[in-house]
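By convention in this document, chain letters (A, B, ...) are assigned in the order of the sequence lines, proteins followed by strands, and residues within each chain are numbered from 1. Reckoned from all heavy atoms, side chains included, excluding hydrogens, waters and symmetry mates.
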Number of protein chains: 2
Amino acid sequence: MDAASDVIASSARAPRYQQLTALLAREIREGRYPVGSLLPPEPQLCQRFAVSRHTVREAVRLLCEQGLVSRHQGVGTRVRASQGQKRYVASLSSLRDLMEYAQHTRLRYLGSRRVDADEALARLLRGNEGEQWLELDTCRYPVEGGLPIVHMRVFVRPHCDGMQNALEEGDAWIYGLVERYGGERILEAQQVVGAIGVPDDSARVLGVEPGSPGLFVRRYYLGRGDRLLSVSLNVYPVDRFEFATRWRLAEPAAASTGGAKE
Amino acid sequence: MDAASDVIASSARAPRYQQLTALLAREIREGRYPVGSLLPPEPQLCQRFAVSRHTVREAVRLLCEQGLVSRHQGVGTRVRASQGQKRYVASLSSLRDLMEYAQHTRLRYLGSRRVDADEALARLLRGNEGEQWLELDTCRYPVEGGLPIVHMRVFVRPHCDGMQNALEEGDAWIYGLVERYGGERILEAQQVVGAIGVPDDSARVLGVEPGSPGLFVRRYYLGRGDRLLSVSLNVYPVDRFEFATRWRLAEPAAASTGGAKE
DNA sequence: AAGTGGTCTAGACCACCGA
DNA sequence: CGGTGGTCTAGACCACTTA
């Protein structure tokens, strides 16, 4: 190839591997390396850009982190996408943070019962009619007392019997119990939020007028192979709860670790 | 130190840098390097474990990706957490996905006006009393017609004048306009969701009873240095909207790039 | 000025894959 | 088998922070 024109400037401000990342990303975007094809092998890139293999690998690593390529030992570096999308991500250090407010709440256990899912419940739980579930009825109070913040109905598989006892102790986290009693890690949580007129049973628990404005939150906890481990149906009355999320732009930037001061 | 006992087995199955990562992670967990302290400098780690600096750096890089430490040129490697927490992440390919439903909606522009923030509005917009804002009044309809799904009041800085014209064309995305007219990328979006009795003005737009159950969503769009670029105040009536999010467990697995086949 | 992590080179051997 | 990416060494110079 025309090695001369491909030389990476060593005097430029940006490190070489970052220049290389940008250059390769542009060539991928412009079709020189179509999606599905293989990038040239590392030795070839070293030669073309007159840099060491370490530099090439660092550059390709960034492409990899941006999802543009994937590497496979013995095969090569395959182009997976032609352009890095903007991606906004939100992260939680634990599912507990889904309900950050809950740090300052106490759980109260109200009761439990076995239920056979009728058609409406089955649809809500994404299961089949006639399935057996164990329903746990709970609510959360502020630690300083007062009216409940939320009415929570938690559905788990019947073999999770025994969770009730743990719940009665009062400061357990549903998702933790689900993992302990279900013997399986929660790999994904899905959440659906919407408005609702508070239904009668929740209204009684929460001490508000039936039909008054409320927030419903359904959470589905999934394990391996999208196995449904638990479903929680929550109702919050107006003014006692807000749900905050932060979405940050995930920089496909080269910066990696260096960035922020402490 | 007792270098002999710290030698990393070269015969073991796992690569040295992964063994090193695991070893350091354990020592952090067990308190040898408390949170807030500095890890020994790289040359020292090289000596202690009798490995090259490259290997040490690869190991520390993994600790970094797991969030256990952070590196700072000229300072050192600081311990940030004593144990790798489970982390759940949700990602969007664009802010548009925050309102996935909106793919099938049309925007309708209702009007705009300049406002001086009074105390209540200033608090809502996280700004100061007396600040000038440009308020854009809009709502969204299903493409197939019918009642509006949401009443949106968007606040932008006054210099964004001209956005109205773009809005009147009908299929613009607020966040896109904010970037175009503000001349700045949105680096972060914050979202607060809660229940609300639909206020009078929104009720008129939405065609529902004032005070009936609704969902409010406040979104704050931030640019560089957390500069507030825009705020959007949305009200959804019951039954016309649900808000879904998926949180997936992000594996802090050591595997890095090697893992999956294509 | 000294010490930190960040970048970079020039080599080497290995595990894995496909022909 | 040859070629790929994965790991590793032993050096070097630089940018940045702190004192």
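- One finds a side-chain N or O of B:Thr77 lying less than 4.0 angstrom from the OP1 or OP2 phosphate oxygen of C:dG5.
- B:Tyr17 has a side-chain polar atom (N or O) that falls below the 4.0 Å cut-off from OP1 or OP2 of D:dT7.
- Residue side chain A:Arg53 reaches the base of D:dG6 through a donor-acceptor N/O pair under 3.5 Å, judged by distance alone.
- Counting only heavy atoms from C-beta on, B:Pro15 has its side chain closest to D:dT7 among D:dT18, D:dT7, D:dT9.
- Remark: A:Glu42 does not engage A:Arg48 in a salt bridge, criterion side-chain N to carboxylate O under 4.0 Å.
- In this structure, the NE2 atom of B:His54 is 14 Å from the C1' atom of C:dC14, given to the nearest Å.
- Spacing between atom CD of A:Gln18 and atom P of C:dT7 amounts to 6 Å, rounded to whole angstrom units.
- Scored by the side chain to side chain donor-acceptor pair (under 3.5 Å) test, B:Thr55 finds B:Ser52 as partners (sequence neighbours excluded).
- The pair B:Glu119-B:Arg123 meets the salt-bridge criterion, since a charged nitrogen lies less than 4.0 angstrom from a carboxylate oxygen.
- Here the C1' atom of nucleotide C:dG6 and the CZ atom of A:Arg16 are 14 Å apart, to the nearest Å.
- Regarding B:Leu39, its CG atom lies at a distance of 16 Å from the C1' atom of C:dG3, rounded to whole Å.
- One finds a side-chain N or O of B:Arg71 lying less than 4.0 angstrom from the OP1 or OP2 phosphate oxygen of C:dG6.
- Among B:Arg114, B:Arg126, B:Arg157, the one residue that satisfies the salt bridge (Lys or Arg N to Asp or Glu O under 4.0 Å) test with B:Glu131 is B:Arg157.
- Whole-Å rounding puts the A:Leu45 CG to C:dT9 C1' distance at 17 Å.
- Between D:dG11 and B:Ser52, no contact under 4.0 Å exists linking OP1 or OP2 to a side-chain N or O.
- Ion pair B:Glu179/B:Arg185 not flagged as a salt bridge, since none of the NZ, NE, NH1 or NH2 atoms sits closer than 4.0 Å to an Asp/Glu carboxylate oxygen.
- Between B:Glu42 and A:Gly74, the residue anchored nearer the 5' end of DNA chain C, judged by the nucleotide with its closest heavy atom, is B:Glu42.
- A:Gln73 places its CD atom 6 Å from the C1' atom of D:dG5, with the value rounded to the nearest Å.
- Nucleotide C:dG5 holds its P atom 13 Å from the CG atom of B:Leu63, rounded to whole Å.
- Here the P atom of nucleotide D:dT18 and the NE2 atom of B:His72 are 10 Å apart, to the nearest Å.
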